[in-house]
Amino acid sequence: MTDAEPAPDIAMWGASGSGKTAFLAALSIALNRAGTSWRLVGENQASGAELIRLRNRLLDDRMFPDSTESLTYYNWLLIGAAESRRQWWRPWRTLPGRAPRIRLDFLDPRGGLYAEEQASVDKEALVASLVRSRGLIYMFDPDRESRVGDAFKHLDQALNEVAGQMLVGDEFADGKLPHYIAVCITKYDDPRVLMLADRWKLAEPDVNDDLRIPRVDEDRAREFFHRLCRHGRSHNAEMIVDLIETYFHKDRVRFFVTSSVGMYIDERRRRFDPDDFLNVIDDPQKGLMIRGAVRPINVMEPVIWLGDMLSSRSMRSG
Ligand SMILES: Nc1nc2c(ncn2[C@@H]2O[C@H](COP(=O)(O)OP(=O)(O)O)[C@@H](O)[C@H]2O)c(=O)[nH]1
Ligand SMILES: [Mg+2]
């Protein structure tokens, strides 16, 4: 990518209530916790203020962000560490390198927009953001799918519209959309989701993690997703994986099992307890509250993966 070209965008897609805003709120917490050199900053003052507001909502108020009332744009930049360079003929001199930057242009639609049949300005903006981006975060909420079962319908509609705009010309002659797509199963901490992973023998305690939180191995995340789709309310859901792999290059699709708040861990025992891991509790006065520390699971990983893919492939943003 040359300096003149703007970094490609990462866009987000998912049904209302699937956990998009919570994911965004958890992103900077995840980056801080991991001690990475990546920093998240607002590209303008409003986006910066929103970043802090969302984070404080989880950390200080111990609540989830309110459901989105209107279409909200977040313009954030993920800035990595610059690697200094040496030239072999002058190895004693180091030159400052350029810090990698990933533009996160998140558009958080109001609840219900996905389900609206009629065209609207907001819906056009949403499709436009998918067309403009080269990285997608697709949020799949297994709980919603087991109750409502409309993920296939909405994804099919959206991809149809995006493909209608992108694939008619000659630019993508192979007939596939050019995006990298991170398919994120959300709310893994929810007992209904974790229990399924456990029942299907897909979750195992991570031996590299002192807390021994059960994880679904990266290699098995696609299988978990597929099984969750088949487990859902709608028979169409089992076609979601095929749908994704028909529209996108198979090697540009990756699956992540995510949770924005993570599991509850008793700070004295500091071990995952299968009988006491609920981190979201229903307070009679305040509603849903976050009980313990916020330990996001696979929230930063999909974003950094997309960023790496986009910057290494020097994809054009046009
Ligand atoms: N247990 C659990 N619940 C979550 C998580 N993320 C979101 N939720 C729940 O899902 C609701 C909707 O999330 P939100 O981020 O507003 O969804 P959006 O409409 O896609 O932006 C929240 O109010 C929470 O109750 C998570 O990581 N774990
Ligand atoms: Mg939202």
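Atoms within a ligand are numbered from 1 in the order they appear, just like the ligands themselves.
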Filtering Asp189, Leu278, Asp190 for the heavy atom nearest atom 1 (N) of ligand 1 leaves Asp189
Practice item. Might you confirm whether atom CD of Glu43 has over 12 heavy atoms from other residues, nucleotides or ligands at distances under 6.0 Å? Key: yes
| task | Taking the six-membered ring for Trp and the single ring otherwise, decide whether the centroids of Phe255 and Phe225 are under 6.0 Å apart. | result | yes
Both conditions, 6.0 Å and 45 degrees, for the charged tip of Arg212 above the ring of Phe272: are they met here? no
Worksheet entry | Heavy atom of Ala15, distance to ligand 1 below 4.0 Å | yes
Under 4.0 Å from one or more heavy atoms of Ser16, ligand 1 contributes atoms 19 (O)
_Ring geometry between Phe248 and His179 (parallel below 30°, tilted from 30 to 60°, perpendicular above 60°)_ = perpendicular
If you measure every N or O of Pro65 against every N or O of ligand 1, does any of those distances drop under 3.5 Å?
no
TODO: Compute the minimum heavy-atom distance from Val280 to ligand 1 and say whether it is under 4.0 Å.
DONE: yes
Short version for Leu288: what comes under 4.0 Å of ligand 1, heavy atoms counted, is side chain
Exercise. Just distances here: any N/O of Phe23 and N/O of ligand 1 closer than 3.5 Å?
Worked result: no
Result for side chain to side chain contact (heavy atoms under 4.5 Å, CB included) between Ser259 and one of Val299, Ile297, Asn298 points to Ile297
Could you walk me through whether Asn75 and Asp105 pass side chain to side chain donor-acceptor pair (under 3.5 Å), step by step? CA-CA 5 Å; Asn75 301 104; Asp105 231 10; 2.2 Å; yes
For Val261, the atoms of ligand 1 under 4.0 Å from one of its heavy atoms are 27 (O), 28 (N)
Open item on the list: Tell me whether Ser259 reaches ligand 1 (any heavy atom closer than 4.0 angstrom to a ligand atom).
Closed with: yes
Looking at the Mg ion (ligand 2), is one of the N, O or S atoms of Ser16 less than 2.8 Å from it?
no
For Ser260, the atoms of ligand 1 under 4.0 Å from one of its heavy atoms are 27 (O)
Within 4.0 Å of some non-hydrogen atom of Ala22, the atoms of ligand 1 are 6 (N), 7 (C), 15 (O)
Taking the basic N atoms (NZ, or NE/NH1/NH2) and the acidic carboxylate oxygens, is any pair closer than 4.0 Å for Lys187 and Asp141? yes
Open item on the list: Do Val294 and Phe64 sit in one hydrophobic cluster, given that two such residues count as connected whenever their side-chain heavy atoms are within less than 4.5 Å of each other, even indirectly?
Closed with: yes
